[in-house]
Amino acid sequence: MERKEWPLWEVFIRNRNGLDHKHCGSVHAPDARLALQAARDVYTRRQEGVSIWVVQADHIVASDPDAKPEMFDPAEDKIYRHPTFYKLPDDVDHM
Amino acid sequence: MYTQAMDVPNQQPEEKKPAAAVENADYQAEFDVKLARGEFIEAKDWMPEAYRKTLIRQISQHAHSEIVGMLPEGNWITRAPTLKRKSILLAKVQDEGGHGLYLYAAAETLGVSRDELIEALHSGKAKYSSIFNYPTLTWADIGVIGWLVDGAAIMNQIPLTRCSYGPYARAMVRICKEESFHQRQGFDLLLTMMRGNEEQRQMVQDATNRWWWPSLMMFGPHDTESQHGEQSSKWGIKRISNDDLRQKFVDATVPQAKVLGVTIPDPDLNWNEQRGHYDHGKIDWVEFWNVVNGNGQCNKERLEQRVKAWEDGAWVREAALAHARKQTTA
């Protein structure tokens, strides 16, 4: 079947230098160059960005939401990974 | 707006999953807990089919409204009275296009394709906001659309930034930030006209007379008549009822009309000391349903223009795809 719809791209924008690129939305575009152009027009009309990444959506591999418990619950009971787990004497507690 | 196209590795084949009914009961319970806790539902999370369908219907109608909404205003771009007003109107209409795109993308995360959404609009199966089936007769209409129509839209949209479906809520955050400019430029345009000559003031009054009641209708039928209200509020899609939003809009707008110096065309509009709100006259629901059902002044013209733009652009979309294919195979 002939595909008529332009592929989907996910758009990531760096608001200003010093910050990470952050996912902000998606666009349809036939190729990478036009995806960047569309992302600029749709997502940076008010100086929201200094750099744009576009990634074709079907190239992104995502974790399965159904696997959330086995993926993320093991971290739940490892509270010793946080500095607040350790109660130190007042004199040195700012450590 | 996280996409439905994202690949999830090592997915269990469907037949290995437990019987659907048992699974659904568990998932439903988990879904209900999330909603009760005020958590967001995200694109790949399990959701009841009716929730998904309601969202697709609502988000796509919203997207269609933004896109069709470009037409009545686009009509005035070449006739704007000054270069400044022309730049502002261009920016506003471009924003509406952007809003449509954010929303289409949010709808697509629910597993419907852009082409299907557009087909539903063009075939008349999907609705868009009836307000855009009224004509823009004078330049004052552009101001009144910003003031009243966008003002009403903002009232409707702010609670949606907290709706339970994450991609929709995030799209609405972006939209609300931008809508504020739309309403303010409209009011500014009208203020300028009101400071002009008598003929200009008459134009503003005339536009207010024509747009006031359709703006009140934008909030939808009364709560007692609303088809979707109760379930949507249970699902956290609709946080404030039609009538409450309409009341907020009237209360906010009456003082603005005074500043502007226009009369709101409702003899029954009065401050109700006891309620602490304005009472307003009866809305003509016969007119509302007439326009919803396709018999407004511009329904036919709007849809024809949309379909024509889509069909006229088909060769560009196809050529761009052919070019992209050629680049990857070269």
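- Closest non-hydrogen pair, B:V316 versus A:W6, comes out as O-CZ2, 4.5 Å.
- Atom CZ in A:R33 sits 6.0 Å away from atom NE2 in B:H323 (nearest 0.5 Å).
- For A:E5 against B:D115, the heavy-atom pair with the smallest separation is OE1-N, 2.6 Å.
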I would like to know whether A:S26 and B:E108 meet side chain to side chain contact (heavy atoms under 4.5 Å, CB included); could you show each step before the answer? CA-CA 10 Å; A:S26 20; B:E108 287 170 74; over 6 Å; no
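- Nearest approach of B:A324 to A:P30, heavy atoms of both residues: CB-O, 3.2 Å.
- Residues B:E178 and A:R45 are paired through a salt bridge, judged by an N-O separation under 4.0 Å between the basic side chain and the carboxylate.
- Contact annotation: the side chain of B:R174 approaches that of A:Y43 to within less than 4.5 Å [non-hydrogen atoms, C-beta and beyond].
- The number of heavy atoms from other shown groups lying within 6.0 Å of CG (B:D312) is above 12.
- Scanning both residues, A:V42 and B:Y102, for their nearest heavy atoms gives O-OH, 3.3 Å.
- Both the backbone and the side chain of B:Q94 come within less than 4.5 Å of a heavy atom in chain A.
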Report, one line per pair, each donor and acceptor closer than 3.5 Å where one atom sits in a side chain of residues 70-85 of chain A; sequence neighbours left out.
| unit_1 | atom_1 | unit_2 | atom_2 | d |
| --- | --- | --- | --- | --- |
| A:K78 | NZ | A:P74 | O | 2.5 |

Would you sort out whether A:R46 and B:D95 count as a salt bridge (charged side-chain N to carboxylate O under 4.0 Å, His left out), showing the intermediate values? CA-CA 10 Å; A:R46 290 179 176 78; B:D95 273 358; 2.5 Å; yes
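- Once rounded to the nearest 0.5 Å, the distance linking CG of A:D66 with NZ of B:K44 reads 10.0 Å.
- Residues meeting the side-chain contact (heavy atoms from CB on, under 4.5 Å) test with B:L303, sequence neighbours left out: B:L121, B:Y128.
- More than 12 heavy atoms of other residues, nucleotides or ligands sit less than 6.0 Å from atom CD of B:E49.
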